[in-house]
Undergrad: 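Got a structure here, written out as structure tokens. Questions coming.
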There are 2 protein chains.
Amino acid sequence: MEEIRDTNKKPSEPAPRRVRISDLAQALGLTKSTVSRALNNYSDISPETRERVARVAAEMGYAPMPYAQAVRTGRVRALGLVLELDAPDRYGPFLTDFLGGITQEASLEGWTLTIASSNSREEMEDTVTRLLQEHKVDGFILPRTQVVDPRVKFLQTKHVPFVLFGRTGHGQPDPGLSWYDVDGEGAMRAAVVRLAGFGHRRIAFAGSHASYNFALLRRDGYRDGLEEAGLPFDPALELMEISDRSEGAQAARDLLDLPDPPTAIVYSTDATALGAYDVARERGLTIGRDLSIISYDGIPEGRMVDPPLTTFAVDSQHAGARLASLLIAQLRGAPPGELTELVAAQLEPGGSDGPPVDP
Amino acid sequence: MEEIRDTNKKPSEPAPRRVRISDLAQALGLTKSTVSRALNNYSDISPETRERVARVAAEMGYAPMPYAQAVRTGRVRALGLVLELDAPDRYGPFLTDFLGGITQEASLEGWTLTIASSNSREEMEDTVTRLLQEHKVDGFILPRTQVVDPRVKFLQTKHVPFVLFGRTGHGQPDPGLSWYDVDGEGAMRAAVVRLAGFGHRRIAFAGSHASYNFALLRRDGYRDGLEEAGLPFDPALELMEISDRSEGAQAARDLLDLPDPPTAIVYSTDATALGAYDVARERGLTIGRDLSIISYDGIPEGRMVDPPLTTFAVDSQHAGARLASLLIAQLRGAPPGELTELVAAQLEPGGSDGPPVDP
DNA sequence: TAGGTTAACGAAACCGATTTCGTAAAGCCG
DNA sequence: CGGCTTTACGAAATCGGTTTCGTTAACCTA
């Protein structure tokens, strides 16, 4: 009769009894069912009773246990996030802000965030499957969307609600999906136009991995910016697949070694843009004068370097908060396709860009 | 009778019916109770039946719903982590590794990680209270322990299991607590001894905020190192309260401006040590020759600078994994006081330290 | 004023498990 | 072979809620 597995002796002490719905009902002189319906705003409860129940519930500090509710409702009020440990740049410094945004917003609505991690796509699918199987989450937030993101189809076939941080499908975002994104395209366009306004005529671009949707969009923005500024597009000035500081440095070297080198480089990310500073030091160039740099992200380190990096900053905390909000809305029944948000990146002028020196 | 609140129409499609314990029981020709006890290794189930139940359960893909179990058992198999958004250095780049470690290990045991965040101590207490009230987690992992950590007493009075990342109480860790820590004291001692071995005689220390336990321990290690190397302790060479790169730079300036400046500086963290590189550049000094630097943490950026930073690296992923393991063990009934682990930091030699130049 | 609604609540089933308790059959003992 | 344990399982209670289905009394309406 007794158990074999591990025992869990709580050592001692009172540990105050929590108040259940039956306690509340008894205190009110009502039944559990009435109290439950009153708390859940059913229409067959009189306003006075509803109000009285709410008041006494607050007085007694009653809060329903989510998992007890979940047995019946099937919803646990938890959002899921799977971190991809094998991502090229490991989320960098954004993660704290991002998680903070999600959890703060979720907390306001009484939801929590459950996170898992994976080292590969298969592991990601296994992890998601397990979380769903065990019903530990109601929906997912998917960061770092790819142009064709396997997670999307995977979750769709499983009929699980989700929101994307970033669009998919490059030009035409897939319809019917919920997403939040920052307008990297617009930022890159603005960067090019700004540089052209300073007088630059040869403006290069150092982009990221083309499998990520944001990378293509930012490249598009770069090209649009050239067009808007009336500058010709030169394929030699457009580099892609650059993912860290040293690759960013190498990109700068390659560009500067061209027969007709650029006087300005737009980087797709701050982390790679910092590589240009290394090259400038190598070659005795002054950033902001001999070579102008504008990038994107707004990492703290960009403000620590000399001169400070001119960048289009992303508010990761706000992104997390909005994503949480969108997912919760979807879980409450809002049609997924109508839950999309595109916000502008914020220009943070530093000293890394300026008029080119005349030859 | 109908509900007023949001509806949750699942739009379409099959969505395969999950297998419940009653389905399993029926397929086996047994009752729910027998199946449940068989799966939970009760002693009053015959070995053959137990084996047969396990086999059929696997075949049918049965997995119990944790929240349905929780209604009865009171345990949800979830670990909790509260991120402190107001911390001085915001966790830096460790967070991804740390979370990865926790979740990977937890996942192996069938547990998940629920995270929340707070902007202040009161908010932290409210958050913890809510998570407990709603019974969303079984125990907590507390990072960034302070010398006297208010969270410890708070959780103790609530009778909630927890593990600490880092000890408390400075010299004598509080008994009865579970913790995992990296031996920063030993690392700092080794750093000083290593520098002394190179021939340095004036070795300075740039430490962190004294409210954090690790800061005091590392300072102790510095002093111990001096003693072990037979060098005198000079209060002028010991700085504290340094928390970012610019403060690290200022510390370097202050130290180098002393009448009898140090030839080497041991930094408590990599992030602050990078400030020394900025000062070296300002003053035309060569790191590793004119000024030796050793620090602690092993952030990726330390390997990108020139010369690479000599540092004592911490394995955050391993830390997360071990903390998860310790907490799960405690939740399974292990006595908290016996769950402690101290591991050594790993020396990663770079080029930032070497013999001093003779005057 | 009889008959039909409607408003507001109670009683009981239910969700998917775990755990307590009861009990038939088998095994043991003298 | 009768009585007493075990062994191995079934029946039912339980956890803390939600939801369905009645039911009563007040309110309309004709």
Side-chain angles (χ1 to χ4, degrees), chain A residues 1-8 17-53 57 60-77 110 132-136, chain B residues 1-8 17-53 57 60-77 110 132-136:
Chain A
M1 201 75 68
E2 99 238 55
E3 268 189 87
I4 291 183
R5 38 166 206 181
D6 41 40
T7 60
N8 184 22
R17 189 85 189 93
R18 61 172 297 130
V19 27
R20 294 155 303 184
I21 194 172
S22 52
D23 302 329
L24 224 196
Q26 185 163 7
L28 283 159
L30 297 170
T31 59
K32 294 193 307 176
S33 59
T34 303
V35 173
S36 173
R37 292 198 312 267
L39 292 172
N40 289 300
N41 295 324
Y42 275 64
S43 56
D44 65 344
I45 300 294
S46 74
E48 305 83 54
T49 302
R50 190 198 313 278
E51 203 278 334
R52 194 166 64 96
V53 170
M60 296 181 63
Y62 170 75
M65 305 195 119
Y67 57 72
Q69 299 179 300
V71 174
R72 197 83 229 266
T73 65
R75 302 236 306 267
V76 286
R77 305 222 294 184
L132 293 174
Q133 161 94 357
E134 299 189 343
H135 236 291
K136 288 235 173 178
Chain B
M1 199 74 69
E2 99 239 53
E3 268 189 86
I4 291 182
R5 38 163 207 185
D6 41 40
T7 60
N8 185 21
R17 190 87 189 93
R18 61 173 298 131
V19 28
R20 295 155 304 185
I21 195 172
S22 52
D23 303 329
L24 224 195
Q26 185 163 8
L28 282 158
L30 296 170
T31 59
K32 294 192 309 174
S33 60
T34 303
V35 172
S36 173
R37 292 198 311 266
L39 291 172
N40 289 300
N41 294 323
Y42 276 64
S43 56
D44 65 344
I45 301 294
S46 75
E48 306 83 55
T49 302
R50 187 197 316 278
E51 203 279 331
R52 193 166 65 95
V53 169
M60 297 181 64
Y62 169 75
M65 305 196 119
Y67 57 71
Q69 299 179 305
V71 174
R72 199 81 232 270
T73 64
R75 301 237 304 269
V76 285
R77 306 219 297 185
L132 292 174
Q133 162 95 357
E134 299 190 343
H135 236 291
K136 288 234 173 178

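Note on naming: letters A, B, ... go to the chains in the order of the sequence lines (proteins, then strands), and numbering restarts at 1 for each one.
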Undergrad: Determine whether a donor-acceptor pair (one donor, one acceptor, N or O, separation below 3.5 Å) exists between the side chain of A:R37 and the base of C:dG10.
TA: yes

Undergrad: How long is the line joining NZ of A:K32 and P of D:dT20, in whole Å?
TA: 15 Å

Undergrad: I'd like to know if the side chain of A:K136 reaches the main chain of B:V76, judged simply by a donor and an acceptor atom lying under 3.5 Å from each other, with no hydrogens or angles considered.
TA: yes

Undergrad: Reckon B:S46 touches a base, only the sugar-phosphate, or nothing at all at heavy-atom distances under 4.0 Å?
TA: sugar-phosphate

Undergrad: Any donor and acceptor pair, going by atom type alone, linking the side chain of B:R37 with main-chain N or O of B:Y42 inside 3.5 Å?
TA: no

Undergrad: Tell me which of B:A63 and A:T49 sits closer to the 5' end of DNA chain C, going by the nucleotide each one is nearest to.
TA: A:T49

Undergrad: Answer yes or no: does atom CD of B:E51 have more than 12 heavy-atom neighbours from other residues, nucleotides or ligands under 6.0 Å?
TA: yes

Undergrad: Nearest heavy atom decides the nucleotide; on that basis, is A:R72 or B:T34 closer to the 5' end of DNA chain C?
TA: A:R72

Undergrad: Counting N and O atoms only, with roles assigned by atom type, does the side chain of B:R75 sit under 3.5 Å from a partner on the main chain of B:Q69, one being a donor and the other an acceptor?
TA: no

Undergrad: Between A:N41 (CG) and D:dT18 (C1'), how many Å, whole number?
TA: 14 Å

Undergrad: Return the value, rounded to whole Å, for the distance between atom CZ of B:R75 and atom C1' of C:dT19.
TA: 15 Å

Undergrad: Specify the separation, in whole Å, of atom NE2 of A:H135 and atom P of C:dA17.
TA: 11 Å

Undergrad: Rounded to whole Å, please give me the gap between CE in B:M65 and C1' in C:dT18.
TA: 16 Å

Undergrad: Under 4.0 Å between a side-chain N or O of A:Y67 and OP1 or OP2 of C:dC15?
TA: no

Undergrad: Could you tell me the separation between the CD atom of A:Q133 and the C1' atom of C:dG16, rounded to a whole number of Å?
TA: 14 Å

Undergrad: Return yes if some donor-acceptor pair links the side-chain N/O of A:R20 with the main-chain N/O of A:M65 below 3.5 Å, else return no.
TA: no

Undergrad: Do A:S33 side-chain and C:dA11 base share a donor-acceptor contact under 3.5 Å?
TA: yes

Undergrad: Judged by each residue's nearest nucleotide on DNA chain D, which is more toward the 5′ side, A:I21 or B:L30?
TA: B:L30

Undergrad: Looking only at side-chain atoms of B:R20, point me to the closest of C:dA11, C:dT18, C:dA17.
TA: C:dA17

Undergrad: Rounded to whole angstroms, how far apart are CG on B:D44 and P on C:dA26?
TA: 18 Å

Undergrad: Without decimals, in angstroms, what is the distance between B:I45 CD1 and C:dT18 C1'?
TA: 13 Å

